[in-house]
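For clarity, every value in this text was computed on a predicted model and none was experimentally measured. In what follows, chains carry the letters A, B, and so on, assigned in the order in which the sequence lines appear, proteins first and then strands, with residues in each chain numbered from 1. Basis for what follows: all heavy atoms, side chains included, without hydrogens, waters or symmetry-related copies.
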Protein chains: 2
Amino acid sequence: MEQVDIFKALSNKTRLQILEWLKEPAQNFPDQEHAGYENGVCVGQIQAKAALTQSTVSEYLSILQRAGFVQSTRVGQWTYYKRNEEAFAKLSKIIKSNI
Amino acid sequence: MEQVDIFKALSNKTRLQILEWLKEPAQNFPDQEHAGYENGVCVGQIQAKAALTQSTVSEYLSILQRAGFVQSTRVGQWTYYKRNEEAFAKLSKIIKSNI
DNA sequence: AAGATATATCGGGTTTTCCCGATATTTAGA
DNA sequence: TCTAAATATCGGGAAAACCCGATATATCTT
């Protein structure tokens, strides 16, 4: 993954919003309460909130995952996505000193 | 300037490279020695190193400036661009805590 | 004032991104 | 094993970004 692709992943309003939402899963996705939030939030919940099609949201999550900002866990027929805070810390450092 | 436009400004290899070059003006632009580096580096020097057309480089610098990453100073017929380190520090913090 | 130099702006062809609908894949349950 | 549900992948039209050449603007020199 090249530097520029990291920034491309963040160059979209919806993707930035998804990352924000995932900071507070319980508050932003109360409908998923029954399943808990240990593994993050499933695609369907994110899609409903983003108000885009399922395919688009799935692709966006894939882009964020390739860039390292989220990680996914498959549980049955659901795929849960949660933030990978290390990636943000790493990028923060890079911007502070390398760029 | 919206968050997403900050990242769009960084979503291009050449623009990232320009920002890197401007970290060490004397080393990366030795041909400008006579004029000093207090105000940064002039467009022509950056253009030569980037190997893109003058219009493209001028536009790229404008994009970086709108995003706050560089600031310009006009001296005679030259426009000098230098890094604005505050913008990087600010973005670093935002990524660490806000995004 | 006229010509030369440096930079900015404009118009547009090419490439990439956005976002969709259709379809394929994976897993659960009857 | 058949159907349903959740997600991933594919193909493509529309919008945006890339990058160019041509031209406009600003400043310097003569």
Quick check: are there more than 12 heavy atoms from other residues, nucleotides or ligands sitting under 6.0 Å from NZ of A:Lys96? no
Looking at every non-hydrogen atom in both residues, tell me the closest pair between A:Ser11 and B:Val4 and how far apart they are. C-CG2, 3.4 Å
Got more than 12 heavy atoms from elsewhere within 6.0 Å of NZ, B:Lys23? yes
Does a sphere of radius 6.0 Å around CD in B:Glu85 hold more than 12 heavy atoms from other residues, nucleotides or ligands, not counting ones at 6.0 Å or beyond? yes
Contact check, residues 50-60 of chain B vs DNA chain C, heavy-atom distance under 4.0 Å, returns B:Gln54, B:Ser55, B:Ser58
So if I take residues 4-17 of chain B and measure heavy-atom distances to DNA chain C, which residues fall below 4.0 Å? none
Run A:Gln32 and A:Tyr37 through side-chain contact (heavy atoms from CB on, under 4.5 Å) and show every step you take. CA-CA 8 Å; A:Gln32 194 188 274; A:Tyr37 303 98; 3.7 Å; yes
Across all chains, not counting sequence neighbours, the side-chain contact (heavy atoms from CB on, under 4.5 Å) partners of B:Gln71 are B:Lys82, B:Asn84
Which parts of residues 63-80 of chain A get close to DNA chain D, meaning a heavy atom less than 4.0 angstrom away? A:Gln77, A:Trp78, A:Thr79
For the residue pair B:Leu10 and B:Arg15, establish whether any side-chain heavy-atom pair is separated by less than 4.5 Å. no
First and last nt of DNA chain C near chain B, cut-off under 4.0 Å to heavy atoms, 5' to 3', are C:dT5 to C:dT9
With each end axis built from five pairs of C1' atoms, what bend angle do you get for the helix from C:dA1-D:dT30 to C:dA30-D:dT1? Round to 10°. 20°
Would you tell me whether A:Thr53 and A:Thr56 have side-chain atoms, one donor and one acceptor, within less than 3.5 Å of each other? yes
Relative to A:Phe88, does A:Arg83 satisfy both conditions: NZ or CZ under 6.0 angstrom from the six-membered ring centre, and within 45 degrees of the ring's axis? yes
Could you walk me through whether B:Ser92 and A:Ser92 pass side chain to side chain donor-acceptor pair (under 3.5 Å), step by step? CA-CA 5 Å; B:Ser92 175; A:Ser92 176; 2.9 Å; yes
